[in-house]
Amino acid sequence: MTITIDVEAGTPVRWVTDGDGATPIPDPDYEPALYAAARNDRTRYLDWLADALAADPKVTVLRTERHFRSLGAEERSPMLRINVDRLGEVRQVAREIRQREHREHAPGTLSLYDIDLDPGFRYCLDTDCDPAPDRPLRTLDLSLPPAALADGDVTKLSVEGNPGGDDHEAVRETVENTLAERNPDVLVVSSADLVPLLSKAGVDLGRRPGYRQLAGESTYVSYGQVGHSPARYAVPGRAIVDRSNSFLLSKSSMAGLRYFLDRVGKPLQELARDSIGGVLTAIEIREARNRDVLAPAQKRQTERWKSLETLHTADRGGFSFQPEAAIYENVHELDFASLYPNIIREYRVSPETVCCDCHDSGDVPELGYSICNSIDGSFLGDVLGPLLDDRRELKNQRRERTGPTPELDAKIEAIKWVLVSCFGYQGYRHAKFGRIEVHEAINAYAREFMLTAKEHVEAAGWRVVHGIVDSLWVRPDPDREQRPIREVAAEVSETVDIALEHEGHFDWIAVCPRKRASGSALMRYFGRWGDETVGDGERYKLRGIEARQRSTCPFVERAQRDLLEVFDRERAPEAVCGQLVRHLATLNRGDVATADLQITQRVSKSADEYECASRAKAALERAEEVGLDRHPGQSVSYVVIDDDRRGPDRVRLAFEDPDAYDPDFYADRVVRAAESILAPLGWESDDIRRCLGETWDATLSSFE
Amino acid sequence: MGRTAPTLREEFDRLEAEHRPFRRALRRRHQPAFDQLFERARTHADAAAQQNAADPWRAFVLTVLLAQELQVQRLSDDDHDRR
């Protein structure tokens with residue numbers, strides 16, 4: 001029923017579907033609550049807090065209740081429930097409680113719960129409000145190129161892919177007419193900054209006038225990568241989905257978002273800007289509530305003491321085989337289906353079960369951690385179970401269909417990402433329900449199963465070509481007879497209780513050597529699917545080579561794919577070099593459109609923070625020259641026009657539509673792409689250059 | 001975040017870097033053999049990692065011995081074929 005939940009002066013306003021439109025229903029009686037528990041459940045601290053808050057006008061009700069403090073808690077603890085008058089003031093109240101606590105008590109005296117929930121999600125949780133509407137959501141797409149956004153030029157706006165108009169007045173009219181005509185529930189915008197920009201042009205995007213800024217822009221560091229979080233806005237009665245700030249939308253589509261809307265029960269606007277970890281956390285908070293466990297503000301469970309020996313044994317990842325760089329014929333790929341999430345569910349690896357105090361059963365291989373069996377099921381298993389089942393069901397549906405299935409693909413992909421985050425989140429120190437021992441135990445099981453699978457396939461007459469964590473590549477041992485590979489996979493599935501699926505058959509796969517050192521690269525390989533596997537999908541599987549890299553321009557990607565086909569046809573390095581010469585000649589003649597030479601790169605610093613004169617720095621300097629605002633964590637697209645220069649004239653930004661490029665720079669990129677294709681044959685860059693020299697002397701000079 | 005310990009492959013890279021003075025003092029014609037040792041070690045780094053010995057040096061010695069053992073077998077098979 002609900003489309004979006006606004007907050008007006010601290011009161012939640014539910015916008016519910018009403019025929020084609022939507023009606024606002026304020027809920028002035030709603031009061032959000034946070035909870036406090038005291039160290040060792042000493043109620044005198046709760047009494048002290050209740051006295052201290054009695055006079056606070058923000059607080060309406062103070063009451064003692066009993067809830068579980070953590071997933072593993074055996075008994076409910078006394079907690080002070082603190083009702084707050086206005087939605088949106090919970091964090092402020094929590095901050096003030098912390099300040100009082102620090103003034104009068106030792107740190108850690110109080111633990112706070114249910115603090116940092118997004119307001120719409122909190123409302124849905126507390127009131128059982130279902131944020132999924134009962135009719136299909138109508139969306140409207142508004143997009144403005146970054147350069148025009150930087151200039152505040154709305155005349156470049158496109159509305160559902162059509163031009164908005166030539167001047168401000170025309171744009172205003174187009175947007176207003178379209179809004180009136182389509183009455184959308186969701187605005188999918190290229191950037192949320194469109195909201196204030198269009199407001200300035202006199203357009204109200206909401207179902208009532210005005211907009212609210214929810215947060216300013218910021219730069220953050222996550223997993224060693226610099227990210228940029230743009231400003232967030234809300235308009236009355238419509239959900240805003242910011243394309244530039246929605247991981248789920250970028251990896252999936254509205255169908256994927258829609259799936260999680262039902263599954264998580266979190267309003268669309270909040271869901272769209274969540275990270276995958278955020279989506280997972282929301283599901284966890286819901287599941288924890290079902291168990292009467294509140295969401296801790298900070299994780300209290302610290303890593304338990306362990307010996308150096310255990311730490312050394314436990315602090316490891318999955319198992320990978322070291323392949324030899326070469327070409328292998330007739331290879332089968334076997335994959336454990338959603339290995340980590342399935343380990344979590346099947347083996348009940350969860351924060352409240354691992355290393356329990358009541359058992360010493362040594363269940364986890366290598367580590368000897370016990371898994372408690374006096375409880376049924378497990379928290380993480382219950383969180384992931386529906387996702388795993390849905391995904392398998394959707395995959396079955398897809399198998400039965402013919403033709404493209406974009407909706408199913410989007411949902412399957414969206415679920416995959418959230419499943420992927422679950423494992424890593426167990427090791428993340430800010431995860432609400434994470435625990436490092438769970439992370440370690442999952443890895444230990446995964447290593448065990450990989451080795452079990454290896455033993456089975458080898459016993460059945462197969463050789464292991466390569467294996468990474470949850471995938472195995474095998475080929476027939478020429479000296480032995482083989483049992484059918486699907487039969488072996490089924491046997492492994494039965495042994496470990498997790499499906500080992502036959503992913504497909506390759507006519508050949510090529511494993512690349514490491515670039516600057518000896519040995520092979522684990523993650524760089526490419527192969528050609530056999531006819532029975534390929535169907536109407538991609539002919540080749542590529543991993544880690546240039547054509548798969550984000551920063552590779554379309555021309556180099558196409559050239560590499562073309563060389564790959566020559567390689568497949570001829571299997572002779574000379575033939576690949578011959579074709580390479582053709583691509584180099586096209587480049588040298590200046591025949592490549594600069595749109596095909598755009599390099600898109602995420603920048604991690606601002607221009608003046610770069611110590612060496614990189615191309616990214618040049619691109620940022622150029623952006624500054626033309627007045628385009630780029631922050632660390634955002635991407636820049638550029639064409640290299642003269643790689644010998646330093647400073648902004650080394651590149652031109654993609655939207656400037658440059659008419660020239662640096663052929664030598666791109667020639668070098670194409671040669672590197674060719675190196676990746678030929679490396680499995682033992683050819684190195686010198687061999688290619690020698691071969692090029694023999695075929696076409698003129699080309700050689702440009703690489704020296 | 002999860003892992004902090006280096007992988008065995010990284011440990012071998014580190015050992016190799018650590019022994020650069022040794023390599024530098026070797027006669028040029030002996031250097032390839034020195035490099036070959038690390039090459040051989042890496043071939044079995046996957047299996048050695050599962051043992052997870054606290055001392056990477058042990059893993060290095062055993063992987064090199066294993067690689068050489070395989071080489072000895074291969075040579076004696078060849079020898080046998082020729083006879």
Side-chain angles (χ1 to χ4, degrees), chain A residues 221-225 277 303 307-325 340 365-367 423-431 434-444 446-448 450-451 454 464 466-469 513-514 516-522, chain B residues 1-20 22-23 26 30-60 62-71 73-74 77-78 80-81:
Chain A
V221 180
S222 163
Y223 287 84
Q225 269 208 333
E303 186 164 356
S307 67
L308 185 60
E309 200 187 337
T310 310
L311 183 63
H312 179 71
T313 312
D315 184 22
R316 295 157 65 198
F319 184 85
S320 291
F321 287 97
Q322 170 76 59
E324 276 173 53
Y340 286 10
E366 295 175 42
L367 313 184
F423 159 71
Y425 235 59
Q426 284 299 314
Y428 173 49
R429 74 194 154 99
H430 294 309
R435 186 168 174 193
I436 189 72
E437 287 81 9
V438 170
H439 188 279
E440 294 166 351
I442 297 168
N443 271 320
R447 290 192 296 271
E448 179 67 23
M450 190 64 162
L451 292 175
K454 166 206 164 278
V464 173
H466 189 11
I468 308 172
V469 185
R514 284 211 282 177
R516 264 170 290 281
S518 65
S520 66
L522 291 180
Chain B
M1 259 173 70
R3 285 178 60 83
T4 44
T7 64
L8 191 57
R9 267 157 66 109
E10 286 163 354
E11 292 277 17
F12 285 174
D13 288 350
R14 194 179 55 77
L15 279 181
E16 187 169 16
E18 206 177 286
H19 286 81
R20 229 171 271 145
F22 185 166
R23 184 184 189 280
L26 279 171
H30 295 152
Q31 284 175 346
F34 186 86
D35 296 339
Q36 185 66 26
L37 285 181
F38 288 91
E39 194 86 16
R40 286 187 196 281
R42 278 187 200 97
T43 326
H44 300 290
D46 48 1
Q50 183 62 15
Q51 182 66 33
N52 198 36
D55 177 6
W57 183 246
R58 263 176 209 238
F60 177 76
L62 206 58
T63 45
V64 170
L65 279 176
L66 175 64
Q68 294 192 343
E69 179 62 28
L70 285 167
Q71 189 67 13
Q73 280 181 12
R74 223 168 287 148
D77 285 351
D78 289 354
H80 186 76
D81 289 347

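First the proteins, then the strands, lettered A, B, ... as listed; each starts at 1.
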Applying a strict 4.5 Å limit to non-hydrogen atoms, the region of Ala48(B) in contact with chain A is neither
Would you indicate whether [X], at its atom [atom1], is surrounded by more than 12 heavy atoms from other residues, nucleotides or ligands within a distance under 6.0 Å?
{"X": "Arg74(B)", "atom1": "CZ", "result": "yes"}
{"X": "Arg14(B)", "atom1": "CZ", "result": "yes"}
{"X": "Gln51(B)", "atom1": "CD", "result": "no"}

Between the CD atom in Gln50(B) and the CD atom in Glu366(A), the distance rounded to the nearest 0.5 Å is 5.0 Å
- prompt: Minimum heavy-atom separation for Gln322(A) to Asp46(B), with atom names?
  reply: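 Closest heavy-atom pair between Gln322(A) and Asp46(B): N-OD2, 2.7 Å.
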So, the part of Phe321(A) with a heavy atom under 4.5 Å from chain B: the answer is both
